[in-house]
Structures are given as structure tokens and as C-alpha cells.
Amino acid sequence: MSANADAKVRYAAPVALSVILQIVSSAYLLTMDQYLHAYAVVHWYGLLAYVVIDALLLIILLSGKAAWPSMALLIWSVTGVIAILGDAASGLALSQFHSTPAEGFSYLFGFGRLDSSVLGTSIAVTVLLVFQIVTAVLSALSVRKRHA
């Protein structure tokens with residue numbers, strides 16, 4: 001078995017599982033976050049585009065017909081991490097909730113303990129963020145293994 005095939009087999013399943021969890025948490029936010037579509041429609045459409053691209057990259061990864069999905073998933077996951085943390089740090093810019101960075105982090109990561117947070121939203125955003133990081137790390141390992 002070649003090094004390329006070994007790298008695909010070794011990391012494809014955990015990367016796929018991680019991306020699936022990203023898609024599930026994104027779907028939860030798109031359908032259940034009562035404020036996302038009403039007060040942050042740009043974020044809603046951005047998340048919709050993100051989940052569609054996640055799904056397409058997952059399909060390409062699982063097809064095994066291309067060697068580049070690991071690099072694409074690495075870049076895409078890092079972009080997602082930057083988007084979530086940047087959104088919080090900007091105080092939820094581009095939404096009707098735009099405020100301070102503290103309020104941005106409170107809304108996304110307050111876990112319902114604060115007036116400005118919802119437990120389900122915080123859990124879904126945290127799951128999404130954690131598995132974007134996991135996907136990025138596993139994809140980086142896959143790319144590194146392939147180029148070693």
C-alpha cells in the first residue's frame with residue numbers, strides 16, 4: 001500500500017466523523033437558534049454556505065477519488081474557527097445584536113447562564129468550534145503524513 005493510500009485510510013474515518021458532527025451542530029443552529037435567522041440573517045446564510053461546503057468536502061473525502069480534500073478541510077476548518085472567534089470578538093458584528101466583544105462571547109459561549117445566552121446555542125457553537133479544530137488537526141496530520 002502506498003503512503004498516499006495509507007494516509008487516506010488512516011485519517012479518513014475520524015475526519016469524516018468530525019465533519020459530520022460539524023454538520024449536525026450547524027444544522028441545529030440553522031433550525032433551532034431562534035435568533036440567528038431573525039436578527040443575524042447574514043450569519044444564517046453564511047452558516048448555510050459553510051455547511052453546504054462541509055457536506056461537499058465530506059462527500060469528496062468519502063469518495064476517495066481525490067487526494068486534496070484533507071488540505072481543503074484543513075483550510076476550511078481553520079476558516080470556520082476564525083469566523084466563530086472573530087464573530088465573538090467583534091461583538092457579533094453584522095447582526096442586530098452587535099455590541100461589545102464581551103457580549104459576543106457571552107451570547108456564543110454563555111451556556112444559558114447569562115441573559116444574553118441560550119444553552120442550546122452555546123452547546124452547538126462549542127461543538128462546532130471543537131470539531132472544526134479536531135478536523136483541522138486531523139487534516140493537518142493527514143497532509144503531513146502524505147508529504148512525509
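The model shown is predicted, which means the values in this text are computed figures rather than measured ones.
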Checklist line | Test side-chain hydrogen bond (donor to acceptor under 3.5 Å, both in side chains) applied to Ser18 - qualifying residues, sequence neighbours left out | finding: Thr135
Closest approach of [X] to [Y] (non-hydrogen atoms, all atoms of both residues):
| X | Y | answer |
| --- | --- | --- |
| Ala136 | Val78 | CB-CG2, 4.0 Å |
| Ala89 | Pro101 | O-CG, 3.0 Å |
| Leu36 | Leu29 | CD2-O, 3.6 Å |
| Leu92 | Gly104 | CG-CA, 3.8 Å |
| Ala88 | Leu108 | CB-CD1, 3.7 Å |

Margin query: Does Leu58 form a side chain to side chain contact (heavy atoms under 4.5 Å, CB included) with Ile20? I'd like the steps, not just the answer.
Written below: CA-CA 8 Å; Leu58 176 64; Ile20 289 168; 3.7 Å; yes
Next item on the list: Could I get the full list of ring pair (Phe, Tyr, Trp, His ring centres under 6.0 Å) partners for His98, not counting sequence neighbours?
Entry: none
Notebook entry, point to check: Sequence neighbours excluded, which residues qualify as ring pair (Phe, Tyr, Trp, His ring centres under 6.0 Å) partners of Phe111?
Noted result: none
Checklist line | Pairs flagged by side-chain hydrogen bond (donor to acceptor under 3.5 Å, both in side chains) wherever residues 124-133 is involved - sequence neighbours left out | finding: Tyr50-Gln132
Margin query: Could you work out, with side-chain contact (heavy atoms from CB on, under 4.5 Å) as the rule, every residue matching Leu56, not counting sequence neighbours?
Written below: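 Applying side-chain contact (heavy atoms from CB on, under 4.5 Å) to Leu56 gives Val52.
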Note to self: Membership question, hydrophobic clusters at under 4.5 Å side-chain separation (ILVMFWY): are Trp76 and Ile59 in the same one?
What the structure shows: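 No, it is not one cluster - the side chains of Ile59 and Trp76 are not joined through contacts under 4.5 Å.
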Notebook entry, point to check: For Phe97, does the CZ atom have more than 12 heavy-atom neighbours from other residues, nucleotides or ligands under 6.0 Å away?
Noted result: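 More than 12 within 6.0 Å, yes.
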Donor-acceptor contacts, no H, no angles, side chain residues 37-48, under 3.5 Å, sequence neighbours left out:
{"unit_1": "His43", "atom_1": "ND1", "unit_2": "Asp87", "atom_2": "OD2", "d": "3.4"}
{"unit_1": "His43", "atom_1": "NE2", "unit_2": "Ala93", "atom_2": "O", "d": "2.7"}
{"unit_1": "Trp44", "atom_1": "NE1", "unit_2": "Leu30", "atom_2": "O", "d": "3.0"}

